[in-house]
Structure formats: structure tokens, C-alpha cells
Chemist: 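Below is the structure I would like to discuss, written out as C-alpha cells.
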Amino acid sequence: MSAFLSTHTRSHSAGALRAADAGKTVVLTGWVKTYRDHGQAIFVDLRDREGITQLVFDPSFSKEAHEAAGVLRNEWCVGIVGEVRSRGGNVNQKIATGEVEVWVKTLEVFSKSDTPPFAIEDDVDTNDTLRLKYRYLDLRRPKLQKNLIMRSQITRTTRAYLGGAGFLEIETPFMVKYTPGGARNFLVPSRLNPGNFYALAESPQIFKQLLMVAGYERYFQIVRCFRDEDLRNERQPEFTQIDIEMSFVTEEILQTTMEGLMQTLWREVLGVELTLPLRRMTFAEAMDKYGVDKPDLRCDLILCDVSAPSGKSGFKIFENVVNGGGIVKCLRVPAASAEKLSRSTLDGLTDFAKSFGVKGVAFARVQEGGAWQAPFAKSFSDEARNEVNRIAQAVPGDTLIFVAEKPKVANTCLGAIRLNIGDKLGLIRKNEWQFMWLTDPPLFEVDDDTKEIAAAHHPFTSPRVEDEHLLDSAPEKVLARAYDLVLNGVEVGGGSIRIHQPGLQARAFKALRISDEDQRAKFGFLLDAFKFGPPPHGGIAFGLDRLAMLMTQAEFMRDVIAFPKTQKGSDLMTECPTPVSKKQLDELFVQVKADLPVK
RNA sequence: GGAGCGGUAGUUAAGUUGGUUAUAACGCCGGCCUGUCACGCCGGAGGCCGCGGGUUCAAGUCCCGUCCGCUCCGCCA
């Protein structure tokens, strides 16, 4: 232990001192952010996680401290004893402690630092590889410290709110039984059971339902989940959910409780007052108007379906798509904004669209009288054109953007174009918090190619009562008692009311063509449990990382996770994953294919 | 599985139709400086141009392969 610390205790953080503290003797600790040596006085900016304080080393005040300060360099870790003095009129407006400075009497160097590979300040554009390799230095940057501090406030507030609402925090296993379907699992070999594997839990889904069966009524957990899928900015192989399940509730009760959580978080963490209830929108409306199941309502541009007129317009390309089971969707860009759409922006959209597997995008400028200025205008019948104008509510000066494709592709692509040009034209209101509940999604999804049916969420999601009769005859038309919470175009949470009646569950399995045998093998323990008086129940899970990203306004998920992984799932700081030794593998009864490395 | 972008001093970037000694800023090192706060001034050091092959009299630059990172589609709730 340092002799300094045995005789001194830190009195203030580096962000705490104000004019009223002038005259006090203080003890500060932190890191040297910068030093400015004027020969006589030496100025040092001392940084800790709370802020920055200017230190003054003046030989007339302490010759000893001034001499010691001469060798200080960036990122040395130091402690000081000094006297707070007002800076009078010479205030530094840029920092919270700018009214004062601390004249140092005693300097203790806890440790020196090599020159860091990049500057420890915000907005320094350093490549990600380096930032991740020296993560502990990147984490010293004020912005990341601010993000992680806010993330801590989010989890603390969540625990307080849910605790107050009667929820119990209960842990569930990470090492679980492998279940096929859904996300790919990470596997863990069992040394004690040669040839057998655990899976790392994709989510605590089944366990939280069992806790409802067990009578715990209200459960939550801030829990790590693991999915071995390809990664994205907003997707890490391990991520954190705020996982919740409630018994004896309807959608309304559950959603209201969750809205209260959001309101509390925004109030206590951001100081923003949300208006409740939050908006509801059906899945069907979202797909129709926005092309996605997570509309960004900060942008007012909307899509419309013009398949009907396009299918008999005389324009072969559109007609063929419609006759082949595809759709034609149209995005109207109002005249005032359309003027700002340059030729090159529109050309760029074609390339953008191609990345979605779309062959092309068509543009038409609406002229006086409703005629179109477009390469295909003369192929398009007047009648069909007028009908498209009517559906799109187009007026002269507007630009119409068309995508004709299979439904899923057309929606995905034009929905993305909507946000792409919305951003370019400044039509996304960046200062808004646009929440909405997405409701009534389909219970099942039909694969475009194989025509196979699969659970859209998981096989325990309830169908809507009014749709139950369609389960056997037309399962693809059944809508679910499921809901997603969407914020600014990001799905921040999703859940459902679960099936708790064995008869209904059997029909759902039948619709999914899951045999009795498979049911037993995959979910036998849950089906058994449901024989013993399961309560009606439902739940939701929020993506904590995504919530934190939005609340901190971080551009990258990496910026709200202390130790994130790269797009290939590696940790550049610890250099993992790595091959392991033959001995370790033997112990686990695991063999690596001969052409891959073993240590 | 697929598409795109990137990799040049410690860092961020520039580097022309291939051409002589690969530039700049910041950082770093030394010196000077009584008030700076992106301190200033003078001087200095610093390069496997991601890696491997090819074309060429000549490659940072062109071609092929490969590795790493990022963004997106597929995948994933």
C-alpha cells in the first residue's frame, strides 16, 4: 500500500469542486490528462471518472511539488494534497470545475504510464482494432465512462422499479439442455458425461415459465444470453436482457406495467417525461406503411401498396412481378423534400437497393395534371397511373419511388430506402423518443421457398382468441397475443401471452407439424409441468444493450459494453478464442478435425 | 453463405497516368517559456506502406491470394 494512502483519503472527485470550496485543503486522485509546463508554473489537468480539475504547481507555493511535477507525463496515476483557490475572472467555461483550481502542496506518483497508443479523449477517431486491443484505455475516455455509468443507472432503476412492483429477481441456469430450432447454441462439453453437451442459454424463456408454474407470480432477471449467430453492430454473441414474466395478466396489464418501467427510466436516468399510454400499432399496419415490424416514427414518410393498379398497368416489369405473387410498393417523397433529391442520390438508391437483392428501383416525378416524368411513363396506362397517384396521395412535384419484388424483399428494401432518404433529406427528427407497441403479429411464419411453417416467436405463444378456430384450417392467418416495444425504429423488447392450456398447446404443435415424439424430446419437462395447474401468464424481454445504446445515444453497441467482441466474435484484448491443448480436449472427450490447429 | 468499405511513422490521414530521398498534422524526445487551459517557440528522432505471391527496368500505387477490422443482406427475437 502506498504511504500516501495510509495518511491521506480522497476528499473530492475531480468533478466536484466549485467556487464555494475555495480555501479548502483537498486530496484528489486521478490521471494526468494534460500538462502545460511554463517553466515557472506547471498546469496539470487531473481526470477521474467524474470530471477534470486543473492543478497548479508553483515553486513559490511548494518548491518540492513543482520539481516533482516536472517529470509528469500523460496518463500517470497520481494523488495530490492542495489548496482550492478561486480563479477569479479567469474561469474555464469548458469544465464544471472551471471556477477553481487546486494549488498543489504534495504530489504522489502512484504509477507511471507508457505513452498511450491513442489519446484518451472523446471524439478521437482511432481504429476499432486498436481501441479493442487496449480496451482499458478506451474505457478511460469520458464518453465511454459516461455510457457505462448510465448503463449502471439503468439497471439500478430497473431493479428498484420492478422490486417495488412485486417482482422477484431469480437466477436461472446458463448451462442448459440443448433444444433445436431458434438461434444456434454455443455448446459446452461435459467432462463428467463423455460425449454429452450443455448449451449456453439463448434466453431463460422456459425457466421463467416454470417459475410461473411454481407460483412466483412476478419474476425478473437482468441476465446474459448467448447466441451463436452472425454478428452486427447491434448484435453481440453474449448480450443482456431484462427478462420478465407475470402470472394472471392480460396484454394490457403487462404493457401498462412495462410502460411504467420506461417512464421511470426516462424520468430518473434522462430527466425526460414520457406521455403514457404509448402508441399501439398492428403488425399489418406497420408492414403496410413502413415495410418493417419496427417502424421509426420519427420520420413521417410512409409507403403504400400499389400492386393492384400496377398489375394491370401495361408496364410489363410490374405486371410480371404482381402475377408472380409479388407486390409493388411505393414511397412518396413530398414535393418540398423531393426538390432536394439529387440525381446522384437517386442513382445511389439503386445500388443501396441491390444490397437487398432487389433488381431495380423505379422513380417517377409527378407533374401538373398527374402525369409522370419517368422512363417507363409511356408504358404505364393513364388509368393505372391515376389510381397509383390516388393511393399514394401524390400531388405535383412529388417523387414516387417504386420497388416491385416478392412481398418480404419489397418491404425490407423500401422500408430501408425510407429511412435512408429520410436521413439524407433531414426528415428524421433526431431529438424525439418515438415509442410504440407493435401488436397482433402472425403466430406462424411460412418459409418463402420451402413453404414450411414455423413459430414466429416460440411455440408457446398464444393465438388470439378470435383466431383459435383457424389453427387447424388456416394457421398462417392466425395472429398472436404477442407484442414488441419499438423505440425510434429499434426493437427494444418483445414478448407474448403464453399458452397454458394443454389442449390449445397440442393444436399449436400440430399446426407446426411437431410430432408427439418430438414434443416429448424437446419440451417434455415443460409439458409435464403444465399438467400441474399452470397459471395464465405472459412476459417480455428487453434488450438492455439496445436500450442503453438509445439512452446514451451511442452509435455502436460496443460503446455501451465494457468488453465487447468483434464481428467475428473475438476479443482482441485477451485474444480469444484460441485453440486448446490435446490434453484439455482429451479430458472432454472432444476431437478437433485433423486439418484444424490444436495447441 | 453473400455484397461493400478500410489497413501507409505511436495516432489520424495525403500519396497524381507505376518513376528518384514516402509527406503533413497531432503525439513522442531534448531545450526555452510567470497564467496556460487544443499553451507557445526552437531543435530532433521515428516507416516490414497488413501479410504472401505475380506483372514490370521499376510497385505504397497494377493483378491474384490471404489475414484482420467495420457496415449491410441472409441468419438471428
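Atoms considered below: every heavy atom in the structure, side chains included; atoms not considered: hydrogens, waters and symmetry mates. Because the structure is predicted, anything quoted here is derived from the model rather than measured. So you know, we letter chains A, B, ... as the sequences are listed, proteins then strands, and number each from 1.
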Chemist: List the residues meeting ring pair (Phe, Tyr, Trp, His ring centres under 6.0 Å) with A/Tyr198, not counting sequence neighbours, and say none if there are none.
Modeler: none
Chemist: Quick test of your reading: applying side-chain hydrogen bond (donor to acceptor under 3.5 Å, both in side chains), list the pairs with at least one residue in residues 550-563 of chain A, sequence neighbours left out, ordered by first then second residue.
Modeler: A/Arg131-A/Asp559
Chemist: Can you list, in residue-number order, the parts of residues 219-237 of chain A that come under 4.0 Å of RNA chain B, counting heavy atoms only?
Modeler: A/Arg227, A/Glu229, A/Asp230, A/Arg232, A/Asn233, A/Arg235
Chemist: Distance between the C1' atoms of B/rU23 and B/rC67, in whole angstroms?
Modeler: 28 Å
Chemist: Just jot down the salt bridge (charged side-chain N to carboxylate O under 4.0 Å, His left out) partners of A/Lys143, sequence neighbours excluded, or say none.
Modeler: A/Asp123
Chemist: If the condition is ring pair (Phe, Tyr, Trp, His ring centres under 6.0 Å), which residues does A/Trp31 pass it with, not counting sequence neighbours?
Modeler: none
Chemist: For nucleotides B/rG52 and B/rA59, find the distance between their P atoms and express it as a whole number of Å.
Modeler: 15 Å
Chemist: Between B/rG46 and B/rC64, how far apart are the C1' atoms? Round to whole Å, please.
Modeler: 34 Å
Chemist: According to ring pair (Phe, Tyr, Trp, His ring centres under 6.0 Å), who are the partners of A/Phe43, at least two apart in sequence or on a separate chain?
Modeler: A/His38
Chemist: Taking the P atom in each of B/rC32 and B/rG69, what is the distance between them to the nearest angstrom?
Modeler: 47 Å
Chemist: Using atom C1' of each nucleotide, how far apart are B/rC41 and B/rA22 to the nearest Å?
Modeler: 28 Å
Chemist: Residues in ring pair (Phe, Tyr, Trp, His ring centres under 6.0 Å) with A/Phe283, at least two apart?
Modeler: none
Chemist: Return the nucleotide paired to B/rU17: Watson-Crick means purine N1 to pyrimidine N3 with N6-O4 or O6-N4, wobble means G-U with N1-O2 and O6-N3, both under 3.5 Å.
Modeler: none
Chemist: Taking B/rC26 as the reference, what is the distance to B/rC37 when you measure between their P atoms (whole Å, please)?
Modeler: 15 Å
Chemist: When you compare B/rC62 with B/rU20, how far apart are their P atoms, in angstrom units rounded to a whole number?
Modeler: 16 Å
Chemist: A/Ala183 has a side chain; which of B/rG69, B/rU34, B/rC76 sits nearest to it?
Modeler: B/rC76
Chemist: A/Leu485 and side chain to side chain contact (heavy atoms under 4.5 Å, CB included): which partner among A/Lys294, A/Met262, A/Glu491, A/Met258?
Modeler: A/Met262
Chemist: What one-letter contact string describes nucleotides 36-43 of chain B from 5' to 3', where B marks a base within less than 4.0 Å of any protein heavy atom, S marks contact via sugar-phosphate atoms alone, and - marks no contact?
Modeler: BBSB----
Chemist: State whether A/Asp545 and A/Arg151 are salt-bridged, where the test is any N-O pair (Lys NZ or Arg NE/NH1/NH2 against Asp/Glu carboxylate O) under 4.0 Å.
Modeler: yes
Chemist: Summarise how protein sits on nucleotides 4-15 of chain B as a single string, 5' to 3': B when a protein heavy atom is under 4.0 Å from the base, S for sugar-phosphate-only contact, - for no contact.
Modeler: ------SSSS--
Chemist: Choosing from B/rU71, B/rC75, B/rG69, which nucleotide comes nearest the side chain of A/Lys408?
Modeler: B/rC75
Chemist: Look at the side-chain N and O atoms of A/Arg73 and state whether any lies under 4.0 Å from the OP1 or OP2 oxygen of B/rG27.
Modeler: no
Chemist: On RNA chain B, compare the nucleotides closest to A/Gly494 and A/Phe356; which residue's is nearer the 5' end?
Modeler: A/Phe356
Chemist: A/Arg184: which residues meet the salt bridge (charged side-chain N to carboxylate O under 4.0 Å, His left out) condition with it, sequence neighbours left out?
Modeler: A/Glu229
Chemist: How far does the C1' atom of B/rC51 sit from the matching atom of B/rC68, given to the nearest Å?
Modeler: 10 Å
Chemist: Which residues pass the salt bridge (charged side-chain N to carboxylate O under 4.0 Å, His left out) test with A/Arg224, sequence neighbours left out?
Modeler: A/Glu238
Chemist: What residue among A/Glu75, A/Gln145, A/Glu121 forms side-chain hydrogen bond (donor to acceptor under 3.5 Å, both in side chains) with A/Arg47?
Modeler: A/Glu75
Chemist: Could you name each residue pair satisfying salt bridge (Lys or Arg N to Asp or Glu O under 4.0 Å) that touches residues 55-72 of chain A, not counting sequence neighbours?
Modeler: A/Lys63-A/Glu67
